[in-house]
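Each remark here refers to the structure printed beneath this line.
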Amino acid sequence: MAIETYYPFQEAEPRWQKAWAERRLFEARIDGKRPKSYILEQFPYPSGKLHMGHVRVYTIGDAMARFRRMQGFDVLHPMGFDAFGLPAENAAIQRGVRPADWTEQCIDNMRGQLNRLGMSYDWEREVVTCRDDYYRWNQWIFIKMWEMGLVERRKAAVNWCPKCQTVLANEQVINGRCWRHEDTDVDVRQLDQWFLKITDYADELLKDLDDKLAAWPNLVTAQQRNWIGRSEGALVKFKVKETGEDLPIFTTRPDTLFGVSFMVMAPEHPKVAELVKGKPNEAEVKNFINKIVLEGREKRTDEAAEKEGCPLGLTAINPVNGREVPIWIANFVLMEYGTGAIMAVPAHDQRDFEFAKKFDIPIHVVIQPEGQTLDSSTMTAAYTEPGVMVNSAQFDGMPSPDAKKAIVTWLAGKKQGEPTVQYRLRDWLISRQRFWGTPIPFIHCEHCGLVPVSVDELPVKLPPDAKFGDGSPLAGVEDFVNVKCSKCGGKARRETDTMDTFFDSSWYYLRYCDAKNATLPFNKEAQAWMPVDLYVGGKEHAILHLLYSRFFTKVLRDMGLIKLDEPFSRLLTQGMVLSEGKDPRTGEVRFFKMSKSIGNVVDPSEIIEQYGADAARMFILFAAPPDKDLEWTTAGVEGIARFMNRLWRYVQNNLHNLRAGMALKSEVKPGEAKNDTDKALLRQIHETTRRVTADLAERQQFNTAISACMELLNALHSWPLHENDVLGYRLAATSMSRLALLISPFAPHLAEEIWAQIGGEGLVAEQPWPAWDEEALKVDEIEIALQVLGKVRGHMMVGVNEDEEAIKQRALADEKVVPFTQGKTIRKVIYVKHKLVNIVAN
RNA sequence: GCCGGGAUGGCGGAACUGGCAGACGCAAGGGACUUAAAAUCCCUCGCCCACAAGGCGUGCGGGUUCGAUUCCCGCUCCCGGCACCA
């Protein structure tokens with residue numbers, strides 16, 4: 001008689017959450033006797049409530065943390081909040097609340113939601129970046145970086161977002177627009193700003209991508225490699241004929257030096273104004289510069305943009321052959337890269353070619369392709385491939401790749417050039433003209449200039465209130481701004497910029513290891529826990545957060561705080577959560593990233609209420625592999641809820657037998673199962689254990705792990721549980737207790753509920769992970785496929801130890817096989833052990 | 001243009017080292033139970049062929065192999081990143 005009930009998740013889930021919290025099962029301890037595992041997910045910005053994307057990352061991380069804990073690892077699985085940032089400040093402006101109050105309220109709400117999902121965090125180590133017990137260490141690290149020479153305040157052309165009312169880092173500018181405001185072009189402004197010299201670490205950041213981050217997705221390492229943008233080339237000294245001064249250029253093509261026919265400087269190049277000062281064309285040049293600068297960076301760096309140029313009326317001397325060439329300024333040359341000046345070889349560079357054609361500048365061919373002769377008067381595009389050197393004095397006849405090195409060596413001997421490496425990566429602009437961030441711990445003294453705040457005066461606390469409106473909010477807080485110089489005691493002003501919030505998130509993973517340390521940002525415990533063994537987060541941080549964190553780790557290492565080169569040994573970038581929606585423009589119905597404008601947002605709270613936290617977790621893990629986008633469907637969630645109920649119902653309907661079996665406290669051993677159905681079930685129990693373990697440990701492939709559990713339940717359903725049969729009780733109990741343990745990383749509440757019902761001891765969360773027995777996986781006979789010419793024609797049972805020759809003979813005589821071999825010559829018979837026989841006959 | 005990733009039934013996906021393509025789930029269809037519905041249970045479910053036997057089938061075209069979703073060569077299309085970086 002079947003009992004129709006539903007798993008009462010509304011009541012059960014909070015009950016188990018309470019049980020875990022009371023037993024403090026998730027508090028991390030490390031003693032060095034057991035292996036450690038640091039499982040971390042990117043901490044959220046406290047926006048107010050969780051979205052499905054959060055549920056996905058945190059479920060993935062939680063499943064892994066629970067699995068490792070049961071496996072006997074010392075697990076660190078912490079959570080915190082990336083709490084500084086503009087949205088809180090904007091909320092403060094719009095609602096007239098303090099950013100701190102608003103943020104803390106959001107945090108409370110989100111912490112509650114995370115707990116409601118059953119996440120196994122060690123909240124004792126919570127890190128909240130907007131509290132002064134955290135951000136004081138930002139300031140401490142910043143001052144140490146200053147002492148190491150890694151902090152610079154300098155005037156530079158910087159990106160300004162008019163909506164954010166602050167400057168941005170290069171990494172925060174996407175296609176010339178603000179990363180937060182896709183519709184807002186950033187301006188370029190000349191401002192005094194604070195930079196971290198990440199470029200000092202460019203080489204190591206690049207090298208370690210290959211050497212130490214093999215377990216990162218290619219997508220991420222490739223993007224970082226691209227962003228760092230290493231180019232090998234040479235610095236070559238050209239000379240200005242009229243003034244005699246040196247004008248160095250950077251080139252990756254020293255093999256084309258004999259083909260230079262002009263030189264180009266960036267319009268902003270500081271030497272330009274000097275060079276044309278008092279010259280008749282001064283006004284003309286200045287007009288041109290103004291025009292280009294006004295165009296803005298986005299337009300200028302568009303490859304399709306028309307080449308614009310203006311001659312300076314000056315001459316450069318090419319050091320390789322003494323040839324005198326005109327100097328131009330042009331829109332396509334950037335001040336920030338190389339030396340801000342280039343040599344131009346129209347025959348072998350497409351940009352130079354277009355420029356030369358437009359302004360009628362000579363073209364000199366110096367590299368000929370194999371078996372072809374280029375003619376400068378008939379060329380329609382630059383030839384940029386390798387070839388044979390011509391018109392290049394003693395280098396003629398040399399293959400151009402060889403000439404690259406030879407020419408640089410020759411120039412170096414004459415002190416006219418040297419090999420060099422350039423990076424695309426720029427220093428990290430970290431100052432922001434906003435309130436809700438870590439105050440930069442410096443003062444500006446009228447006498448002493450820039451003075452760091454002494455480390456024992458930290459933290460420099462944010463004032464509780466500020467005047468929001470035009471300009472930097474902190475600048476209007478007089479108590480904050482007016483200070484005495486700590487060096488000379490004279491009048492001074494506090495720095496009113498705050499730090500980019502990416503500073504906060506660049507080292508939070510270290511703080512978790514030693515979250516309450518009041519004398520240092522972190523100490524020895526960090527050495528024991530680090531590196532993070534699995535870091536789960538979104539691809540959108542491929543460059544930003546993940547590059548900055550790598551940089552910080554190397555800096556903190558060089559500061560002597562930790563022995564560590566890379567913070568995250570393994571990275572899992574989870575896909576987005578999509579749901580069905582209607583394209584507002586085309587009306588097309590398909591899956592989109594959840595967004596308000598499309599109206600396809602699914603609220604996790606509603607799902608938890610309707611189906612429970614476990615169903616949400618299970619569906620999210622089951623619907624797609626973790627690194628792929630996931631299509632959220634109600635039917636899918638119902639499917640998973642159906643599975644959980646089936647499991648639940650099996651327990652209810654067989655409660656008596658399961659309890660009786662559990663009470664005997666002994667799992668069925670391989671030799672004990674006698675009949676075929678029992679043997680098959682026992683075998684599947686162990687096979688499932690093996691599959692789930694491998695899927696979690698090696699591949700983080702939760703979808704297949706869950707489907708293995710489904711298969712085991714299906715098998716259990718069709719297995720006949722005979723009443724009054726002790727082996728039967730025990731086998732049922734073995735199956736069900738295993739199932740409870742195996743699904744517990746995914747559906748921890750249901751697992752506990754089942755475990756308790758069948759009479760399991762203690763909590764599932766503190767049980768050891770089950771092992772599989774190779775003996776139980778063994779079978780007496782296996783079905784193999786019979787192929788003729790690679791096509792399956794039938795099947796046959798073979799004994800595991802059956803003689804190969806006997807199998808082949810039986811296969812050749814098989815009634816399904818014979819029609820396909822009749823009248824043909826048997827060329828070969830291939831046997832793949834325990835898989836197939838393939839007969840080659842024609 | 002350069003770099004990275006994809007393409008498997010109506011759908012999400014599986015196939016781990018070159019060895020039976022389509023596990024598991026969703027949707028769909030049929031049936032049982034029910035006064036009825038829901039729930040549950042059973043069956044079918046890649047395509048062609050009325051059935052069967054058979055043939056075809058993992059984006060396309062070649063190749064290697066006894067055997068290819070998997071390896072190699074050449075394409076197409078889609079997604080993501082970078083891009084006048086000298």
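Below, chain A is the first sequence line, B the second, and so on; all start at residue 1.
A distance of about 14 Å separates the C1' atoms of B:A68 and B:G57, rounded to the whole Å. For the P atoms, the distance from B:U70 to B:G19 is 11 Å, rounded to whole Å. As rounded to the nearest Å, B:A21 and B:U58 have C1' atoms that lie 7 Å from one another. Nucleotides B:A39 and B:G30 have their P atoms positioned 16 Å apart, rounded to a whole Å. Comparing the C1' positions of B:A14 and B:G62 gives a spacing of 29 Å, expressed to the nearest Å. Comparing B:C24 with B:C71, their C1' atoms sit 29 Å apart, to the nearest whole Å. Remark: the separation of the P atoms in B:G13 and B:C3 is 27 Å, to the nearest Å. Separating the P atom of B:G1 from that of B:A50 is a span of 49 Å, rounded to the nearest Å.
Applying side-chain contact (heavy atoms from CB on, under 4.5 Å) to A:Phe746 and the options A:Leu621, A:Ile620, A:Thr59, A:Ile640 leaves one that passes, A:Leu621.
Between the base of B:C84 and the side chain of A:Lys307 there is a donor-acceptor pair shorter than 3.5 Å. For a distance-only test at 3.5 Å, the side chain of A:Arg351 fails to qualify as a donor-acceptor partner of the base of B:C85. Side-chain atoms of A:Asn838 and base atoms of B:C66 include a donor and an acceptor less than 3.5 Å apart.
Rounded to an integer number of Å, the gap from CG of A:Asp349 to C1' of B:G1 is 13 Å. Counting to the nearest Å, the P atom of B:C82 and the OH atom of A:Tyr337 are 17 Å from each other. Rounded to whole Å, atom C1' of B:G6 lies 17 Å from atom CG of A:Leu630. Regarding A:Arg793, its CZ atom lies at a distance of 14 Å from the P atom of B:G67, rounded to whole Å. Separating the CG atom of A:Leu209 from the P atom of B:G4 is a distance of 14 Å, rounded to the nearest angstrom. Rounded to whole Å, atom P of B:C26 lies 17 Å from atom CD of A:Glu580. Between the NZ atom of A:Lys539 and the P atom of B:G6 there is a distance of 11 Å, given to the nearest Å. Look at CG on A:Leu789: it is 11 Å from P on B:C66, rounded to the nearest Å.
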Practice task
Please step through side-chain contact (heavy atoms from CB on, under 4.5 Å) for the pair A:Ser579 and A:Phe592, ending with a clear verdict.
Solution key: CA-CA 6 Å; A:Ser579 74; A:Phe592 293 92; over 6 Å; no
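By the 30° and 60° cut-offs, the orientation of the rings of A:Trp632 relative to A:Phe619 is perpendicular.
Aromatic rings of A:Phe359 and A:Trp328 (six-membered ring for Trp) have centroids within the 6.0 Å cut-off, being under it. Aromatic ring centres of A:Phe262 and A:Phe355: separated by under 6.0 Å.
Salt bridge A:Glu711/A:Arg691: present, at least one basic N to carboxylate O contact under 4.0 Å.
In terms of phosphate contacts, A:Asn226 brings no side-chain nitrogen or oxygen within less than 4.0 Å of OP1 or OP2 of B:C85. The phosphate of B:A15 has OP1 or OP2 within less than 4.0 Å of a side-chain N or O from A:Arg699.
Annotated as anti: B:G10, whose glycosidic dihedral deviates from 0 by more than 90°.
RNA chain B is contacted by both A:Thr633 and A:Ala624; A:Ala624 maps to the nucleotide lying nearer its 5′ end (nearest heavy atom per residue). When the nearest nucleotides of RNA chain B are assigned to A:His717 and A:Ala341 by heavy-atom distance, the more 5′-ward of the two goes with A:His717.
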